[in-house]
Student: 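Pasting a structure below so you can have a look.
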Amino acid sequence: MSALEREYPANKKFKYQLMTTIDHEKKRAALEAVKYVRSGMTVGLGTGSTANLMIKELGRQVANGLNIIGVPSSEHTRKLALELHIPLISLAEAARIDLTIDGTDEFDPYLQLIKGGGGALLHEKILAYNSDLVIIIADSQKQVKRLGSFKLPIETIPLATQKIIQSLTQMQLQPTLRVKEGQNFITDEGNYILDLNIKHITNIPSLNNRLKEIPGIVETGLFLDLADIIIVGKGESIRTYKK
Ligand SMILES: O=C[C@H](O)[C@H](O)[C@H](O)COP(=O)(O)O
């Protein structure tokens with residue numbers, strides 16, 4: 001639930017208007033990002049509702065002759081891109097990735113991100129790290145002064161997850177095992193997701209390093225030096241932030 005939804009829980013009309021505004025903002029950002037795509041490019045395809053809008057626009061352009069190869073960041077994205085007849089190769093097959101376009105759960109003024117709300121953070125991070133250019137698309141609700149209102153997702157190996165929960169509880173990070181439809185959420189790599197409360201953390205890079213030192217944590221949703229450009233839909237306009 002967003003801060004605005006918490007603030008106006010009873011006002012359904014307001015919530016509806018907020019949703020349509022947010023959806024439009026996502027679409028504006030997605031269409032703007034697609035302008036960076038050129039024929040001949042290998043394009044990393046992010047995951048999530050904002051990335052879906054970008055993939056749909058790419059599908060439309062591919063049908064009109066755009067010649068690209070997509071590299072999907074999740075099974076969900078792979079299926080959507082296939083439906084739209086976007087030619088695909090896997091992460092393993094991609095020799096180089098010209099550009100990746102992906103969504104985010106939060107971003108701060110330093111272009112640092114929290115990602116993984118949809119559980120795709122591991123493949124998304126590998127894609128972003130290996131891309132010449134990373135463009136993040138977002139609605140205005142994702143912009144924060146300081147990361148941490150959104151719980152930080154981390155991907156963990158099932159075997160180690162209980163031990164990891166003990167360590168993270170000692171670190172006061174209140175880990176919650178992500179559950180979907182009554183079952184543990186399983187990532188595309190067969191792992192679990194823990195969501196951490198990092199609201200009180202001031203040194204985010206140091207937290208990231210500490211988390212990566214714990215055996216069994218495969219990856220964190222902190223994308224600290226990976227975004228080159230962030231395109232945000234803001235009402236009727238668009239803001240672009242560059243590194
Ligand atoms: O694992 C999911 C991804 O990191 C998404 O890009 C992120 O959760 C943003 O998703 P949405 O565009 O649906 O808000």
Side-chain angles (χ1 to χ4, degrees), residues 1-5 18-34 43-58 70-81 91 99-108 111-129 131 134-144 147-156 176-180 184-196 198 208 217-224 226-234 238:
M1 191 188 282
S2 73
L4 271 167
E5 283 172 311
L18 180 66
M19 274 321 294
T20 50
T21 304
I22 290 172
D23 290 344
H24 279 106
E25 289 182 347
K26 286 180 181 182
K27 188 152 187 191
R28 274 198 192 91
L31 296 186
E32 185 66 17
V34 169
V43 182
L45 307 173
T47 296
S49 57
T50 322
N52 285 349
L53 298 169
M54 170 275 296
I55 295 163
K56 284 179 187 159
E57 174 60 13
L58 281 180
V71 186
S73 59
S74 65
E75 197 41 34
H76 181 277
T77 287
R78 192 184 70 83
K79 284 186 185 143
L80 175 63
L91 243 173
L99 161 67
T100 283
I101 306 176
D102 200 351
T104 190
D105 296 299
E106 271 188 0
F107 71 94
D108 74 5
L111 275 59
Q112 305 187 110
L113 321 173
I114 287 183
K115 284 180 55 54
L121 63 101
L122 177 57
H123 288 194
E124 289 177 335
K125 207 179 226 184
I126 298 169
L127 259 185
Y129 183 86
S131 297
V134 176
I135 301 180
I136 297 299
I137 48 180
D139 61 78
S140 59
Q141 299 280 295
K142 307 287 179 60
Q143 187 162 16
V144 294
L147 295 182
S149 297
F150 194 89
K151 296 249 170 85
L152 172 67
I154 60 168
E155 181 156 343
T156 63
T176 310
L177 183 61
R178 193 180 293 183
V179 171
K180 194 179 170 187
N184 290 348
F185 179 93
I186 307 281
T187 69
D188 285 349
E189 289 290 343
N191 294 317
Y192 291 163
I193 296 283
L194 296 176
D195 293 295
L196 313 183
I198 63 160
N208 199 38
I217 294 183
V218 185
E219 195 47 86
T220 80
L222 286 166
F223 286 47
L224 298 185
L226 289 170
D228 297 302
I229 298 176
I230 300 185
I231 300 174
V232 193
K234 237 182 160 77
I238 284 184

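Both backbone and side-chain heavy atoms feed into the values below; hydrogens, waters and symmetry mates do not. Whatever order the structure lists them in is the order used to number ligands and atoms, beginning at 1.
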Student: Starting from atom 14 (O) of ligand 1, find the nearest protein heavy-atom neighbour and note its residue, name and distance.
Tutor: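 Ranked first by proximity to atom 14 (O) of ligand 1 is K142 NZ, 2.7 Å.
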Student: Measure the distance from atom 2 (C) of ligand 1 to every protein heavy atom, then report the residue, atom name and distance (to 0.1 Å) of the closest one.
Tutor: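 Here the nearest protein heavy atom works out to G118 N, 3.1 Å.
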Student: Students should be able to answer this: which protein heavy-atom is nearest to atom 6 (O) of ligand 1, and at what distance?
Tutor: T47 O, 2.7 Å
Student: Mark yes when over 12 heavy atoms from residues, nucleotides or ligands other than K234 sit less than 6.0 Å from its NZ; otherwise mark no.
Tutor: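 It does: K234 NZ has more than 12 such atoms within range.
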Student: How far is atom 13 (O) of ligand 1 from its nearest protein heavy atom, and which residue and atom is that?
Tutor: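 Of the protein heavy atoms, S49 OG, 2.5 Å lies nearest.
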Student: Going from CG on L152 to OG1 on T220, what distance comes out if it is rounded to the nearest 0.5 angstrom?
Tutor: 5.5 Å
Student: Among L31, I229, T50, V34, which one satisfies side chain to side chain contact (heavy atoms under 4.5 Å, CB included) with I137?
Tutor: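 Result for side chain to side chain contact (heavy atoms under 4.5 Å, CB included) with I137: T50.
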Student: Could you grab the distance from atom CD of E106 to atom CG of L113, nearest 0.5 Å is fine?
Tutor: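 It is 10.0 Å, given to the nearest 0.5 Å.
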Student: For ligand 1, which atoms have a heavy atom of G117 less than 4.0 angstrom away?
Tutor: 1 (O), 2 (C), 8 (O)
Student: At the 4.0 Å heavy-atom cut-off, does G46 count as touching ligand 1?
Tutor: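 The answer is no: ligand 1 sits nowhere under 4.0 Å from a heavy atom of G46.
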Student: Taking non-hydrogen atoms only, is D102 closer than 4.0 angstrom to ligand 1 via side chain, backbone, both or neither?
Tutor: side chain
Student: Under 4.0 Å from any heavy atom of G103, which atoms of ligand 1 are there?
Tutor: 6 (O)
Student: Polar-atom distance check: G48 versus ligand 1, any N or O pair below 3.5 Å?
Tutor: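 Not met; the criterion fails.
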Student: Counting distance only, does the side-chain N/O of K125 pair as donor-acceptor with the main-chain N or O of L222 below 3.5 Å?
Tutor: yes
Student: Let me confirm one number: the NZ-CD1 distance from K151 to I114, rounded to the nearest 0.5 Å.
Tutor: 11.0 Å
Student: Between R28 and E25 (salt bridge meaning N to carboxylate O under 4.0 Å), is one present in this structure?
Tutor: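 No, no charged N to carboxylate O under 4.0 Å.
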Student: Do me a favour and list the nearest non-hydrogen protein atom to atom 12 (O) of ligand 1 with residue, atom name and distance?
Tutor: T50 OG1, 2.5 Å
Student: Rounded at 0.5 Å granularity, tell me how far OG in S74 sits from NZ in K79.
Tutor: 9.5 Å
Student: Nearest protein heavy atom to atom 3 (C) of ligand 1, by residue and atom, and its distance?
Tutor: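 Sorting protein heavy atoms by distance from atom 3 (C) of ligand 1 puts E124 OE2, 3.0 Å first.
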Student: Only one of L58, I101, V71 forms a side chain to side chain contact (heavy atoms under 4.5 Å, CB included) with L45, so which one is it?
Tutor: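 Of L58, I101, V71, side chain to side chain contact (heavy atoms under 4.5 Å, CB included) with L45 is met by L58 alone.
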Student: So is G116 polar-close to ligand 1, meaning N/O to N/O under 3.5 Å?
Tutor: yes
Student: For atom 8 (O) of ligand 1, grab the closest protein heavy atom and report residue, atom and distance to one decimal in Å.
Tutor: D105 OD1, 2.8 Å
